[in-house]
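Structure first, commentary second.
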Amino acid sequence: MQKPTLPKGTRDFGPVELKRRKLIINTIQNVYEHFGFEPLETPAMENLSTLTGKYGDEGDALLFKILNSGDFLKKVDEGRFQQAKENPNSLLPQISEKGLRYDLTVPLARFVVQHQHELQFPFKRYQIQPVWRADRPQKGRYREFWQCDADVIGTDSLVCESDFVKIYQLVFNALGFTSYDIRINHRSLLEAIAQTVGFNGPLTQLTVSIDKLDKIGWEGVGKELESNGFTSDQVSRLQVLLTTSRCTPEFIEQLASALSDGEAKDRALMALRELRELTPGIDQASVSLDLSLARGLDYYTGFIFEASIPDSGIGSVSGGGRYDNLTGVFGLSGVSGVGISFGIDRLYDCMDALGLFGGVDRPTANILLCHFDERTRTKCAEIADALRADGIKTEVYPDIKKLRKQLDYANKRGYPFIGVVGEEEFNQDTIQLKNMESGDQSVVPQSNLSKLLK
RNA sequence: GUGGUUGUAGCUCAGUUGGUUAGAGCGCCUGAUUGUGGUUCAGGAGGUCGCCGGUUCGAGCCCGGUCUUCCACCCCA
C-alpha cells in the first residue's frame with residue numbers, strides 16, 4: 001500500500017483554511033463590486049500558443065505544459081528525436097499544445113480580443129481563480145496559488161489608477177490590517193531618471209537592479225549597475241534621485257526641479273499631479289511614491305503598484321500596473337488596460353501571522369442539541385427545525401451517546417451554546433440551555449429558546 | 001533551473017562512537033462520573049524511523065539515488 005502525497009507546492013484546504021480563505025475572497029470581491037467590476041472566469045488550461053512568449057524566457061520555463069492525450073509521440077518524426085537529445089524543448093510543440101494558466105492577465109487579454117464586439121468599453125472585470133507556476137516552492141511561494149485580479153480595459157483615464165489606490169486601502173482595512181504599505185511608481189518617472197543621469201541603454205538594465213534595493217541595498221545594486229555599464233558617477237547620482245516619499249505636492253515639485261527636462265518627465269509629473277487630485281487619501285502614510293519600485297517592466301507602461309504587509313516576512317501581497325498594449329499580441333492594438341492582483345495565499349499567511357482570523361474559526365452552527373435516546377433525539381430534531389425557521393443555525397448531535405461525549409464534542413468544535421433534552425425536559429416541554437463559555441445553564445421553555453438565542 | 005537544507009507516533013521534537021525491545025511532551029481512546037465539556041487522576045492504543053538501494057555480523061545513525069520541506073539565487077502573488 002502506498003502513502004498518498006500531494007504534488008510539490010500544492011496544498012489541501014480543510015474546513016478551517018477554507019473558511020478563512022473565503023473570508024479573504026469575499027472581502028476582496030465585495031470591494032471590487034463596489035467599484036463596478038463584473039465577474040469573469042476562464043479555463044484552467046489555455047493553448048500553449050496563447051501563453052508562451054508573454055512572460056519572457058524565464059516565464060516560459062515556469063509554464064506547466066499538458067502532454068497531448070493518446071499517442072503523444074505521433075507527430076514526432078525521427079529527426080526530431082535526434083534534435084531532442086540536444087534540446088528537449090524542441091519537441092515541445094509536437095507533444096504538447098495546452099498549458100495551465102500562469103496568471104489571469106493573459107487569459108483576460110485573450111478573452112477581450114475574442115469578445116471585443118460584445119463587450120462594452122471600458123470593460124471592468126474581476127477574476128478570482130487559481131494559477132500555476134512550475135517554480136521551486138518556498139514560504140509564501142506555491143506552485144498552485146490563487147489570484148484576485150481586477151482590471152479596466154479600454155481607457156487610459158487615471159480614474160482607474162485612483163480607484164485601485166482606494167481599493168487597496170479598503171481591502172486592507174476590511175481585512176483588519178492596521179499597517180500596510182502601498183507603493184506606486186510610474187514608468188515615465190524611471191525613464192526621466194535614466195535620462196537625468198545620462199543613461200541611454202535599455203531601461204530594464206536599470207530597473208532589474210534597483211528593484212532589488214530593499215534586498216541587497218545600495219552596495220549590491222551599485223555593483224550590479226556598474227557591471228551593466230553605469231559609471232560610478234551615474235550610480236551616485238541615482239542614489240540621490242531614487243528616494244521614497246509620501247506622495248505630497250512638495251515631493252512632486254522637488255522631483256520637477258531634480259529631473260532634467262524632457263517628454264518623459266512632463267508625462268510623469270502630469271500623471272502624478274492628476275492622480276493626486278483624484279485621490280484625496282493618497283498622501284496617507286500607507287501610500288508612498290517609491291522611485292525604486294520597478295517590477296517586471298516588460299509590459300507595464302504607466303503607473304506601477306505593489307503592496308505588502310510590513311514585518312510579515314512575506315513578499316508582496318499584490319502587484320499591478322498599466323499596460324498600454326497587452327491585447328496587441330492577439331491582434332487588437334491601441335487598447336490600454338490597468339489592473340491589480342491580490343495573492344490570496346500570501347494575504348492568508350500575513351493574516352495568520354498577525355492573528356487576524358479571530359471571528360471565522362467557529363462552527364457553522366450556533367447551538368448543538370443533545371439528548372439521551374431516540375425519543376429525546378426526535379424531540380431535538382423537532383426543536384431544531386423550529387430554531388432554523390427562526391434563522392438560528394442549529395445542529396442535532398447525530399448519535400446516541402453519553403452526554404459527556406456530546407459535551408466534549410461541543411467543546412472541541414467551539415459551539416457557543418448547547419441545549420439538553422432529557423426525560424424531565426421532554427415531559428415539561430423545556431430544555432436545558434447552557435452557555436459553553438461561562439458554563440451557566442438554566443431550564444427554559446422550548447418556546448422561548450429562539451428568542452433567548454437571538 | 002543552480003546551490004544548500006530538512007524528514008523519527010496525529011503534532012512539536014529527543015535518540016550516545018553503528019549494537020538487544022526507538023523515547024518524551026502535547027493530542028487521541030477507555031474509565032473514575034449509566035444527565036454535564038474546557039481541571040485532575042488511573043490505564044491504553046498508536047512508529048515498515050519519507051521511499052528505494054548499498055556498506056556491515058548488525059543501520060534511525062554511514063554511503064548513493066529519489067521524493068518532500070525550508071533557505072539563497074532567479075523570478076514573482
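When reading the values below, keep in mind they use all heavy atoms of this one structure, side chains included, and skip hydrogens, waters and symmetry mates. Predicted, not measured: the structure shown is a model, and the values here were computed from it. Quick note on labels: first sequence line is chain A, next is B, and so on, each numbered from 1.
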**Report entry** Test: A:E97 and A:K65 ion pair at under 4.0 Å
**Finding:** no
Query raised in the report: Touch check for A:Q147, heavy atoms < 4.0 angstrom, all strands: base, sugar-phosphate only, or nothing?
Result: sugar-phosphate
Query - Pair A:R20 + A:D352: basic N to acidic O under 4.0 Å - result: yes
Query raised in the report: Do A:K379 and A:E382 sit within salt-bridge range, that is, some charged N less than 4.0 Å from a carboxylate O?
Result: yes
Report task. Classify the side chain of A:D408 and the base of B:rG37 as holding, or not holding, a donor-acceptor pair under 3.5 Å. Result -> no
**Report entry** Euclidean distance for C1', B:rA32 against B:rU6 (whole angstrom)
**Finding:** 44 Å
Requested in this report: Return the value, rounded to whole Å, for the distance between atom CD of A:E306 and atom P of B:rC75.
Outcome: 14 Å
Requested in this report: Figure out the NZ/C1' separation between A:K402 and B:rG31, and round it to whole Å.
Outcome: 8 Å
Query raised in the report: Watson-Crick or G-U wobble partner for B:rU2, using a 3.5 Å limit on both distances?
Result: B:rA72
**Report entry** Euclidean distance, atom OH of residue A:Y300 to atom C1' of B:rC76 [Å, nearest integer]
**Finding:** 10 Å
Requested in this report: For nucleotides B:rU16 and B:rC11, find the distance between their C1' atoms and express it as a whole number of Å.
Outcome: 26 Å
**Report entry** Interface with RNA chain B, restricted to residues 415-429 of chain A and to heavy atoms under 4.0 Å
**Finding:** A:V420, A:G422, A:E423, A:E424, A:E425
Report task. Apply the test side-chain hydrogen bond (donor to acceptor under 3.5 Å, both in side chains) to residues A:D324 and A:S336: give CA-CA distance (whole Å), side-chain angles for both, the deciding distance (0.1 Å), then the verdict. Result -> CA-CA 4 Å; A:D324 277 342; A:S336 183; 3.0 Å; yes
Query - Distance in angstrom units between A:R136 CZ and B:rA77 P, rounded - result: 20 Å
Requested in this report: Indicate, with a heavy-atom threshold strictly under 4.0 Å, whether A:G320 touches base, sugar-phosphate, or nothing.
Outcome: nothing
**Report entry** Residue mapping more 5' on RNA chain B - nearest nucleotide basis, A:R143 or A:K8
**Finding:** A:K8
Query raised in the report: By a strict heavy-atom criterion of less than 4.0 Å, which residues belonging to residues 433-444 of chain A are in contact with RNA chain B?
Result: A:K434, A:M436, A:E437, A:G439, A:Q441
Report task. Considering just the side-chain nitrogens and oxygens of A:Q432, establish if one lies under 4.0 Å of OP1 or OP2 belonging to B:rU36. Result -> no
**Report entry** Base B:rC70 paired with A:R141 side chain (donor-acceptor, <3.5 Å)
**Finding:** no
Query raised in the report: Partner of B:rC62 by Watson-Crick or G-U wobble geometry, both contacts under 3.5 Å, or none?
Result: B:rG54
Query raised in the report: Hey, are A:D181 and A:R183 close enough for a salt bridge, meaning a charged N less than 4.0 Å from a carboxylate O?
Result: yes
Report summary line: Whole-Å distance, A:D135 CG to B:rC74 C1', equals 8 Å
Report task. Take the protein atom NZ of A:K405 and the nucleotide atom P of B:rC28, then report the distance between them rounded to whole Å. Result -> 10 Å
Query raised in the report: When we call it a touch if two heavy atoms are under 4.0 Å apart, what does A:G140 touch: a base, just sugar-phosphate, or nothing?
Result: base
Requested in this report: Tell me whether the OP1 or OP2 atom of B:rU33 has a side-chain N or O from A:R404 closer than 4.0 Å.
Outcome: no
Query raised in the report: With a 4.0 Å cut-off, would you call A:K451 and A:D390 a salt bridge?
Result: no
**Report entry** Main-chain N/O of A:M45 paired with A:R101 side-chain donor or acceptor, under 3.5 Å
**Finding:** no
Query raised in the report: Would A:R322 count as a cation-pi partner of A:F303, with NZ or CZ less than 6.0 Å from the six-membered ring centre and within 45° of the ring normal?
Result: no
Query - Pairwise P distance, B:rU48 and B:rU5 [rounded to whole Å] - result: 28 Å
Query raised in the report: How far, in whole Å, is B:rU17 from B:rC76 if one measures between their P atoms?
Result: 48 Å
Requested in this report: With heavy atoms under 4.0 Å as the rule, sort A:F342 into base, sugar-phosphate or nothing.
Outcome: nothing
Query - Rounded distance in Å between the P positions of B:rC41 and B:rG4 - result: 50 Å
Query raised in the report: Is the shortest distance from a Lys or Arg side-chain nitrogen in A:R377 or A:D373 to a carboxylate oxygen in the other one below 4.0 Å?
Result: no
Requested in this report: Sort out the partner of B:rA9 for me: Watson-Crick or G-U wobble, both distances under 3.5 Å, none otherwise.
Outcome: none
Query raised in the report: B:rG23 and B:rU40: how far apart are their P atoms, nearest whole angstrom?
Result: 26 Å
Report summary line: Separation of B:rA77 atom P from A:L100 atom CG, nearest Å, is 18 Å
**Report entry** Distance between P atoms of B:rG47 and B:rU56 (Å, rounded)
**Finding:** 32 Å
Report task. Could you give the distance separating B:rC73 and B:rC61 at their C1' atoms, to the nearest angstrom? Result -> 32 Å
Report summary line: Which of B:rA77, B:rG35, B:rG37 is nearest the side chain of A:N411? It is B:rG37
Query raised in the report: Below 6.0 angstrom between ring centroids: does that apply to A:Y180 and A:F172?
Result: yes
Requested in this report: Please answer whether B:rG35 and A:F372 are stacked, defined here as ring centres separated by less than 5.5 Å and planes angled under 30°.
Outcome: no
Query - Closest nucleotide among B:rG37, B:rC74, B:rA77 to the A:E58 side chain - result: B:rC74
Query raised in the report: Atom NZ of A:K139 and atom P of B:rC71: how far apart are they, to the nearest Å?
Result: 6 Å
Report summary line: Of A:I344 and A:K212, the one whose nearest nucleotide on RNA chain B sits closer to the 5' end is A:K212
Query raised in the report: Quick one: do A:E17 and A:R11 make a salt bridge, cutoff under 4.0 Å?
Result: no
Query raised in the report: Given A:D290, which of A:T243, A:T244, A:N185 fulfils the side chain to side chain donor-acceptor pair (under 3.5 Å) condition?
Result: A:T244
